[in-house]
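The chains referred to below are lettered A, B, ... by the order of the sequence lines, with proteins before strands, and numbering in each begins at 1. Keep in mind it's a predicted model, so treat the numbers as computed, not measured.
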Number of protein chains: 2
Amino acid sequence: MARKSDKRERLLEGAIETIYQRGFNQTTLADIADVSGVQLGNFYYYFKTKDEIVEAVIAERRGSLLSTYAEWDKLPSPKVRIKAFLNTYIDDAENLTANGCPLGGLSFELNKREDVPDLVDKVEKLFSLHLQWLTHQFKLMRKAKAEEFADEFYSTIQGAILLANCKKDSRIIKNQINRLIKLVDRM
Amino acid sequence: MARKSDKRERLLEGAIETIYQRGFNQTTLADIADVSGVQLGNFYYYFKTKDEIVEAVIAERRGSLLSTYAEWDKLPSPKVRIKAFLNTYIDDAENLTANGCPLGGLSFELNKREDVPDLVDKVEKLFSLHLQWLTHQFKLMRKAKAEEFADEFYSTIQGAILLANCKKDSRIIKNQINRLIKLVDRM
DNA sequence: GTCTATAATACGATAGAC
DNA sequence: GTCTATCGTATTATAGAC
């Protein structure tokens with residue numbers, strides 16, 4: 001009795017990685033099938049269209065994000081939680097410099113498409129998760145302008161990643177994140 | 001005696017606008033020819049390839065930027081100049097919210113291409129112009145960490161545009177820019 | 001210089017054998 | 001469920017008449 005095939009999972013993993021590295025528009029289904037070790041024709045047994053797999057990618061990223069929040073939420077204070085959040089960007093600085101932000105990049109690309117409002121909506125909600133979580137943490141810190149702080153922090157992060165990616169210099173991310181960490185410490 | 005054709009100029013203008021609105025990957029040469037009122041076949045009389053016209057777009061944007069700097073440099077102090085720079089983002093907030101940053105978006109897209117290092121290099125240099133100009137202004141203000149300030153400001157700007165674009169909310173740009181303006185005022 | 005074909009190719013998607 | 005073969009279409013690019 002054959003084990004249940006893990007090809008769907010492999011395709012999804014391959015799609016997450018490939019779309020991140022090459023961008024959605026420049027990723028072909030052949031690329032995804034290839035890195036996943038699946039024949040192109042077989043791709044369609046698991047996903048009906050290219051849009052369907054990117055939708056699955058968004059759902060998967062959303063799931064990962066929610067589990068990560070669950071972990072952070074175990075930390076004792078919002079201050080510590082925000083610093084844990086910020087430190088992930090330093091830990092991942094090299095990847096972010098090489099490929100940009102997986103959420104920011106996907107949002108930007110899908111936002112340009114007018115033919116799939118559902119997909120645009122889903123990626124917007126995914127992108128906004130960080131903002132909501134940050135806003136919540138600042139509210140717990142009794143900050144009157146919690147939302148503005150969240151926008152300030154997340155703008156800086158996204159912008160720093162874009163600059164680092166364009167200039168191929170991860171120090172931009174590290175410097176800006178360290179500045180934000182100090183800012184939190186002084187709050 | 002026929003006037004010299006302005007079709008090259010029209011194609012370039014059309015390309016600038018269309019690539020900005022739809023992104024490079026999702027812009028077809030037919031789109032550009034169409035909005036420019038030029039037959040597709042005729043496109044190739046003026047530009048040999050799609051990459052060649054985006055190269056011209058980059059050069060054109062570079063030229064515009066340099067003239068803008070020349071204007072700003074007439075202003076009496078670096079503080080006033082930086083505020084003039086910042087205010088352009090508020091003036092253009094609706095466009096930026098609808099389409100993202102023309103430089104940031106192009107940089108992001110072309111950065112993913114490994115087959116055209118020259119193009120990647122040119123867009124990187126274009127993107128960096130703002131950073132250089134900002135760094136120079138902060139140096140004139142005798143700021144020890146001029147480069148870090150430039151990174152901080154430009155990261156915030158680029159990130160705010162990305163957030164506004166994704167959430168379709170121009171207030172994010174306006175709020176962040178106003179915060180930066182106040183920051184400059186206090187310097 | 002301009003236009004009408006049309007070639008060449010890449011890629012999303014399908015058919016059908018196994 | 002998996003694979004090979006192939007279709008259909010979009011898009012870059014060219015040929016060649018005018």
Side-chain angles (χ1 to χ4, degrees), chain A residues 1-58 106 109-110 112-120 123, chain B residues 1-58 106 109-110 112-116 118-120:
Chain A
M1 204 161 112
R3 231 192 359 255
K4 194 189 163 209
S5 168
D6 63 343
K7 287 190 175 173
R8 197 197 128 92
E9 205 176 334
R10 296 214 315 266
L11 283 167
L12 190 50
E13 285 302 312
I16 290 173
E17 196 56 21
T18 312
I19 290 173
Y20 176 38
Q21 288 169 356
R22 304 154 90 116
F24 176 72
N25 289 310
Q26 296 191 78
T27 295
T28 68
L29 298 182
D31 288 335
I32 296 173
D34 211 33
V35 301
S36 310
V38 174
Q39 292 297 321
L40 177 57
N42 201 9
F43 173 96
Y44 290 91
Y45 178 77
Y46 295 99
F47 300 95
K48 274 194 282 293
T49 63
K50 190 181 178 186
D51 285 343
E52 198 177 291
I53 201 175
V54 80
E55 191 172 337
V57 167
I58 292 169
L106 204 51
E109 282 190 286
L110 295 181
K112 297 267 180 205
R113 291 188 52 188
E114 296 182 339
D115 58 328
V116 281
D118 279 11
L119 217 47
V120 173
V123 81
Chain B
M1 205 161 106
R3 233 190 356 253
K4 194 189 163 209
S5 170
D6 62 343
K7 286 190 176 173
R8 197 198 127 94
E9 205 176 334
R10 296 215 312 267
L11 283 167
L12 189 50
E13 284 302 311
I16 289 173
E17 197 56 21
T18 313
I19 290 173
Y20 176 36
Q21 288 168 358
R22 303 155 91 116
F24 176 72
N25 288 310
Q26 297 191 77
T27 295
T28 68
L29 298 181
D31 288 336
I32 296 173
D34 209 34
V35 301
S36 311
V38 173
Q39 292 296 323
L40 176 56
N42 201 8
F43 173 95
Y44 290 91
Y45 178 77
Y46 294 100
F47 301 96
K48 275 194 280 294
T49 63
K50 190 182 177 187
D51 285 344
E52 197 177 293
I53 201 175
V54 81
E55 192 171 336
V57 167
I58 292 168
L106 204 51
E109 281 190 286
L110 295 182
K112 297 268 181 203
R113 291 188 52 189
E114 295 180 339
D115 57 329
V116 282
D118 280 10
L119 218 48
V120 173

Is Leu110(A) close to Ile58(A) at the side-chain level, that is, under 4.5 Å between some pair of heavy atoms? yes
Just how far, in rounded Å, is P of dT14(D) from CD of Glu52(B)? 11 Å
For dA13(C), does OP1 or OP2 lie under 4.0 Å from any side-chain N or O of Lys48(A)? no
By nearest nucleotide on DNA chain C, pick out whichever of Phe43(A) and Gln39(B) is the more 5' one. Gln39(B)
Asn42(A) side chain near dG1(D) phosphate (N/O to OP1/OP2, under 4.0 Å): no
Are Phe24(B) and Ile53(B) packed together at the side-chain level, in the sense that at least one heavy-atom pair is separated by less than 4.5 angstrom? no
Side-chain N or O of Tyr44(A) versus OP1/OP2 of dC3(D): is the shortest distance under 4.0 Å? no
Got Lys7(B) and Asn42(B) here, is their nearest side-chain heavy-atom distance under 4.5 Å? yes
Please report the distance, rounded to the nearest Å, between CG in Asp115(B) and C1' in dA10(C). 14 Å
Check whether any side-chain heavy atom of Asp51(A) sits under 4.5 Å from a side-chain heavy atom of Arg113(A), and report yes or no. yes
Between dT2(C) atom C1' and Arg8(B) atom CZ, what is the distance in whole Å? 17 Å
How many Å lie between OH on Tyr46(A) and C1' on dA13(C), as a whole number? 18 Å
Under 4.0 Å, heavy atoms only, any strand: does Phe47(B) hit a base, just the sugar-phosphate, or nothing? nothing
Calculate the interatomic distance between Lys50(B) atom NZ and dA8(C) atom P; express it in whole Å. 22 Å
Nearest heavy atom decides the nucleotide; on that basis, is Asn25(B) or Leu40(A) closer to the 5' end of DNA chain D? Leu40(A)
State whether Tyr45(B) places a side-chain N or O below 4.0 Å from either non-bridging phosphate oxygen (OP1 or OP2) of dG1(C). yes
Could you check which of dC11(C), dA13(D), dG1(C) has an atom nearest any side-chain atom of Ser5(B)? dG1(C)
Nearest-neighbour nucleotide for the Leu29(B) side chain, dT11(D), dA13(D), dT2(D) considered: dA13(D)
Working to the nearest 0.5 angstrom, can you tell me the gap between Ile16(B) CD1 and Ile32(B) CD1? 10.5 Å
Interatomic distance where CD1 belongs to Ile53(B) and P belongs to dT11(D) [whole Å]: 16 Å
